[in-house]
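Presented below is the structure to which this report refers.
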Amino acid sequence: MSVRAAIRQLWLPALVLVILLISTAGSTSFYFPPLTTVLHTLWDELAGGGLLDDLWFSLRNIVLGLALATVLGVGAGLVIGEVRTLRLALGPLLDFARATPTVGFVPVIILTLGIGSGPKVFLIFLGSVWPILLNTVAGVGQINPAVHETARGYRVPWHLQLRRVVLPGALPQIFAGIRVALSIAVVLMVVSEIYGSPIGLGNFILQSGSSFHVADTWAGTLLIGVLGYGLSVLLLLCEHALLGWYHQRAPRARRPLPTMSTEPTEPTEPVEKKSNGVVV
């Protein structure tokens, strides 16, 4: 990323940060402390408090849950998207599962699986797998049928078609689903740690708010936003690294159409064209 592109993307967040620093500098409100106080509290909690352990616990749950959702969602989506009978049969079930709010499963999961790290990972996986799976199915459906016909004409094995033909063609739509799933994973991480966890960023916010430590509560909320933004940037970098052909392909140069002229033209002498010093 060039400096100019970075400036175009970061000037507005930097401006908002400056406005918040100036507007909250003299704040005496108990519920809205100055931003400098919040940042100082965040630094102290990360350096000497237990907030770093909470951050690592939450980050690990998001990464594991999202990784499982990506592997299973992409694998199942490729198969469902390729098999028309299976796609039609599972369509209503997938729509029902997508419409069901995952947050409603939090009490059931806590009662049945406990309050450890495993239930949090499972809840994040359960909420994140549907957008990835459905976007994978949609991405497979958008592949040009001529591509499949060519692969079948060359008798490419089915498993090799999925890996070398279908998966690259559906990757743009798959990454769109992963971006949606990431935002869902952050929300489910906070909810699961608020309702049933002795550790994590959600538990840190709950305990700080219950103790009326407003600066700590704002610091935890700010850290969750930074965590989500950092994961989004990493995902965007991975997307550009894997889909450089999709984001950076140059448009084809169009040749000017020949024009018909009724005026007589004079014969011209042949012109020698040189390419790398060689007459062509």
Donor-acceptor pair, distance only, cut-off 3.5 Å: does the side chain of T217 make one with the backbone of G209? yes

Any donor-acceptor N/O pair, N203 side chain to E193 backbone, under 3.5 Å: no

ILVMFWY cluster, L206 and F57 together (side-chain gap under 4.5 Å): no

T100 vs F105, side-chain contact (heavy atoms from CB on, under 4.5 Å): CA-CA, chis, key distance, verdict: CA-CA 9 Å; T100 304; F105 292 101; 3.7 Å; yes

In this structure, would L93 and L126 fall into the same cluster of hydrophobic residues linked by side-chain contacts under 4.5 Å? yes

V137 pairs by side chain to side chain contact (heavy atoms under 4.5 Å, CB included) with which of I80, V79, I132, L78? I80

Has the side chain of W218 got a donor or acceptor atom that lies under 3.5 Å from a matching backbone atom of Y31? yes

With the 4.5 Å side-chain cut-off for hydrophobic clustering, are L42 and I199 part of the same group? no

Are the side chains of T102 and I184 in contact, using a 4.5 Å heavy-atom criterion? no

Nearest-0.5 Å distance that lies between atom CG in L90 and atom CZ in F96: 14.5 Å

Applying salt bridge (charged side-chain N to carboxylate O under 4.0 Å, His left out), name anything that partners R163, two or more places apart in sequence or on another chain. none

Kindly work out whether a path of hydrophobic side-chain contacts (I/L/V/M/F/W/Y, heavy atoms less than 4.5 Å apart) joins V103 to F125. yes

Rounded to the nearest 0.5 Å, what's the gap from CG on L55 to CG on L59? Could you check? 6.0 Å

If every non-hydrogen atom of A76 is compared with every non-hydrogen atom of L133, which pair is closest and at what distance? CB-CD1, 3.9 Å

Within the distance-only criterion (no hydrogens, no angle test), does the side chain of S27 pair as donor or acceptor with the backbone N or O of F32 below 3.5 angstrom? yes

Just by distance, do the side chain of S128 and the backbone of A69 share a donor-acceptor pair under 3.5 Å? no

Tell me the closest heavy-atom pair linking L21 and T36, and the distance in Å. CD2-CG2, 3.9 Å

Are any side-chain N or O atoms of S210 and backbone N or O atoms of Q207, one a donor and one an acceptor, separated by less than 3.5 Å? no

Looking at every non-hydrogen atom in both residues, tell me the closest pair between V38 and A215 and how far apart they are. CG1-O, 4.3 Å

Is it the case that one hydrophobic cluster holds both L227 and L234, taking links as side-chain heavy atoms less than 4.5 Å apart, direct or via other members? no

Other residues, nucleotides and ligands only: do more than 12 of their heavy atoms fall within 6.0 Å of CZ on R60? yes

Can you tell me how far apart NZ (K120) and CD1 (I62) are? Round to the nearest 0.5 Å. 13.5 Å

So L237 and H240, do their side chains get closer than 4.5 Å, heavy atoms only? no

Taking atom CG of L235 and atom CG of L231, what is their separation to the nearest 0.5 Å? 8.5 Å

Kindly compute the distance separating CZ (F122) from CG (L64), expressed to the nearest 0.5 Å. 14.5 Å

What's the shortest heavy-atom distance between P131 and V180, and which atoms? CB-CG1, 4.0 Å

With side chains defined as the heavy atoms from C-beta onward, is the minimum distance between I174 and N135 less than 4.5 Å? no

Side chain to side chain, L35 and L17, heavy atoms closer than 4.5 Å: yes

If we only count heavy atoms from C-beta on, is the N61 to L123 side-chain gap below 4.5 Å? no

Would the distance check show the side chain of S211 and the main-chain N or O of S208 forming a donor-acceptor pair, the cut-off being under 3.5 Å? no

Contact summary for A181 and L66, nearest pair of heavy atoms: CB-CD1, 3.8 Å

Just wondering, do V190 and L201 contact through their side chains at under 4.5 Å, heavy atoms? no

Does the side chain of P119 come within less than 4.5 Å of I110's, by heavy atoms? no

If you measure from CG on D216 to CG on D44, what distance do you get to the nearest 0.5 Å? 9.5 Å

